[in-house]
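In what follows, a structure is listed as structure tokens, so that the remarks can point back to it.
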Amino acid sequence: MTIQKIGVCGAGMMGSEIALVFALADRKVRLMDTDKAFVDKAMKKLEATLDSGIGRGFYTEADKPRALANIETSTDVSSFGDVDMVIEAVTEDQAVKAKVYKDLDAVLKPDAIIASNTSSISISVLASNFSEARQKNFLGLHFFSPVTRMKLVEVISGFDSDPEVVKAATQACEDVGKSPIQVKDVVGFAVNRILFAMWDEAIRLVEEGACTPEDIDTGCKLGLGHPVGPFELMDNITLDLTLKVSQILEDAYGDRMHTRPTIKQLHAAGRLGRRYGRGWYRYDDKGKRVG
């Protein structure tokens, strides 16, 4: 089972960088979203990502035109008709994903692999949106942000995922330089269950007045070797996604994964993170932290 042509459904931060990773590895990629302005913005962001990577020595000057030439954009789901694998990277909302799957089911070739980049929702539950024949080709591929830098991918099999499909998708991730781990289909998978348990305690420390977010971020970086602190990471992925995943985990595990009150307050106040100018910290219009 050979995977050469990749479709990515959703041109947000995760979807666009997933597309870039495959394009850099000389896979043909079709990046699709329903809004052309959104797709165009994603491509400009990828150009900036490549420029930054060249400046930091991650890529060569030749990598930029080569990678961009490997990405074709679209606003029509029917453009996925010839892909070997499509990766769904839309918002973490089960109803939204179900609508996307209905559209994909109508256009994909019978043997196409379908992977969700969900960070928390059960793969078997998501697979139920497809016919029984399609469910064997469905699995989870949870990439981590920023996708261009983070090597980990969680590979999650649903109840009916074909082992050969899982093997092929795992190999595709390895071929583009990722390090996949196999995880059972449990809500939140492995890493987010660990991460959100840590975040719960970090936020609790702030709520108790024991530490500031900045001190906790410094402590996690210098004391635990984390590349970014928990509050920096929440701001980077947005408090919107943080709240959604936290509520999914709380629904599944109860008080073990309780949603902290401050997360709900920040979200209600519109303090959603770096790209919105304010989250746990303040940022200027270029996303640089200013307070």
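With salt bridges taken as basic N to acidic carboxylate O contacts below 4.0 Å, one links D82 and K5. A salt bridge is absent between K221 and D217: the closest approach of a Lys/Arg side-chain nitrogen to an acidic carboxylate oxygen does not fall below 4.0 angstrom. Salt bridge status for D105 with K102: absent, with no side-chain N to carboxylate O gap under 4.0 Å. Salt bridge annotation for K28-E72: absent, with no cationic side-chain nitrogen under 4.0 angstrom from a carboxylate oxygen.
Between F138 and F130, the two ring planes are tilted [angle within 30° to 60°].
Put simply, the side chain of L20 reaches to within 4.5 Å of the side chain of T49, judged on heavy atoms. Side-chain atoms of D63 and I54, non-hydrogen and from C-beta on, never get closer than 4.5 Å to each other. Under the 4.5 Å side-chain criterion, counting only non-hydrogen atoms from C-beta, T73 is not in contact with M32. With a 4.5 Å cut-off on side-chain heavy atoms, L249 and V187 count as touching. Here the side chains of L24 and V21 are not in contact, with every heavy-atom distance at 4.5 Å or above. A 4.5 Å side-chain heavy-atom check between V155 and L139 finds at least one atom pair inside the cut-off. Side chains of I3 and R27 form no contact here, defined as non-hydrogen atoms less than 4.5 Å apart. Here the side chains of D251 and M257 are not in contact, with every heavy-atom distance at 4.5 Å or above.
The main-chain N or O of A67 is never found under 3.5 Å from a side-chain atom of N70 such that the two would form a donor-acceptor pair. Listed for the R30 side chain is no donor-acceptor partner under 3.5 Å among the backbone atoms of G7. For S52 (side chain) and A48 (main-chain N/O), no donor-acceptor pair under 3.5 Å exists by modelled atom type. A donor-acceptor contact shorter than 3.5 Å links the side chain of D93 to the backbone of V96. At distances below 3.5 Å, at least one donor-acceptor pair connects side-chain atoms of Y281 with backbone N or O atoms of P213. Judged by distance alone, with hydrogens and angles left aside, the side-chain atoms of S124 form a donor-acceptor pair with the main-chain N or O of F159 at under 3.5 Å. For the pair R271 (side chain) and G279 (backbone), a donor-acceptor distance under 3.5 Å is present. Formation of a donor-acceptor pair under 3.5 Å by the S246 side chain with backbone atoms of L243 is not found in this model. D284 contributes a side-chain N or O that, together with a main-chain N or O of G287, makes up a donor-acceptor pair within less than 3.5 Å. Using a distance-only test at 3.5 Å, with no hydrogens or angles considered, no donor-acceptor pair links the side chain of D162 to the main chain of N137.
Between the side chains of S79 and D76, no donor N or O sits under 3.5 Å from an acceptor N or O. With no hydrogens or angles considered, no side-chain donor-acceptor pair links Q135 and S128 at under 3.5 Å. A donor-acceptor pair shorter than 3.5 Å cannot be found between the side chains of S120 and K244. Residues Y276 and D235 have side chains that never bring a donor and an acceptor to within less than 3.5 angstrom of each other. E88 and S116 form a side-chain donor-acceptor contact under 3.5 Å, judged by distance and modelled atom types alone.
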Evaluate the side chain to side chain donor-acceptor pair (under 3.5 Å) criterion for residues D175 and Q171: first the C-alpha distance (whole Å), next the side-chain angles of each, then the deciding distance (0.1 Å), finally the verdict.
CA-CA 6 Å; D175 289 345; Q171 185 64 55; 2.7 Å; yes
Step-by-step side chain to side chain contact (heavy atoms under 4.5 Å, CB included) determination, T238 to L241:
CA-CA 6 Å; T238 78; L241 179 59; 3.6 Å; yes
Verdict with supporting geometry, E250 and T259, side chain to side chain donor-acceptor pair (under 3.5 Å):
CA-CA 7 Å; E250 183 175 10; T259 303; 2.7 Å; yes
Side chain to side chain donor-acceptor pair (under 3.5 Å) for S179 and E174? Distances and angles first, verdict last.
CA-CA 6 Å; S179 298; E174 291 176 346; over 6 Å; no
Show, in sequence, the C-alpha distance, side-chain angles and deciding distance for I18 and N117, and conclude whether the side chain to side chain contact (heavy atoms under 4.5 Å, CB included) test is met.
CA-CA 10 Å; I18 290 170; N117 185 54; 3.9 Å; yes
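Heavy-atom minimum distance, Q94 versus L126: CG-CD2, 4.1 Å. Closest non-hydrogen pair, V29 versus A23, comes out as CG2-N, 3.8 Å. Of all heavy-atom pairs between G158 and S161, the closest is N-OG, 2.8 Å. Here the closest non-hydrogen pair linking K64 and L50 is CG-CD1, 3.9 Å. Closest heavy-atom contact between V153 and C173: CG1-SG, 4.0 Å. When all heavy atoms are compared, the tightest approach of G10 to L31 is O-CD1, 3.7 Å.
In this structure, L108 is not a member of the same hydrophobic cluster as I6, with clusters built from ILVMFWY side-chain heavy atoms closer than 4.5 Å. A continuous path of Ile, Leu, Val, Met, Phe, Trp and Tyr side chains, each step under 4.5 Å between heavy atoms, connects F22 with F58, placing both in one hydrophobic cluster. Linking ILVMFWY residues whenever their side-chain heavy atoms come closer than 4.5 Å, directly or via other members, leaves V165 and I181 in distinct clusters. Two different hydrophobic clusters hold F38 and I71 under the rule that ILVMFWY side chains link at heavy-atom gaps under 4.5 Å. Note on I156 and V86: same hydrophobic cluster, where clusters join Ile, Leu, Val, Met, Phe, Trp and Tyr whose side-chain heavy atoms are under 4.5 Å apart, directly or indirectly.
Annotation: the span from R282 atom CZ to R274 atom CZ amounts to 15.0 Å, rounded to 0.5 Å. Here H258 contributes atom NE2 and I203 contributes atom CD1; the two are 10.5 Å apart, rounded to the nearest 0.5 Å. Of the inter-residue distances, the one linking H267 atom NE2 with L272 atom CG reads 5.5 Å to the nearest 0.5 angstrom. A distance of 11.0 Å separates NZ in K136 from CG in D160, rounded to the nearest 0.5 Å. If you take CG on D185 and CD1 on I121, they are separated by 11.0 Å, rounding to the nearest 0.5 Å. Atoms OH and CD1, from Y101 and I114 in turn, are 8.5 Å apart once rounded to the nearest 0.5 Å.
No more than 12 heavy atoms of other residues, nucleotides or ligands shown are found within 6.0 angstrom of CD on E61. Within a 6.0 Å sphere centred on NZ of K288, other residues, nucleotides and ligands contribute 12 heavy atoms or fewer. By the neighbour-count criterion of 12 heavy atoms within 6.0 Å, atom CZ of R289 is densely surrounded, having more than that number from other residues, nucleotides or ligands.
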I'd like a table of donor-acceptor pairs (distance under 3.5 Å, sequence neighbours excluded) in which one partner is a side-chain atom from residues 188-200, with atom names and distances.
unit_1	atom_1	unit_2	atom_2	d
N192	ND2	S119	O	2.8
R193	NH1	Y253	OH	3.2
D200	OD2	R204	NH2	3.0

Report all side-chain donor-acceptor pairs from residues 140-150 shorter than 3.5 Å, counting only partners two or more places apart or in another chain.
unit_1	atom_1	unit_2	atom_2	d
H142	ND1	E154	OE1	2.8
T148	OG1	E17	OE1	3.3

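Paired with W280 under the rule side-chain contact (heavy atoms from CB on, under 4.5 Å), one option of L233, T212, I263 passes, and it is I263.
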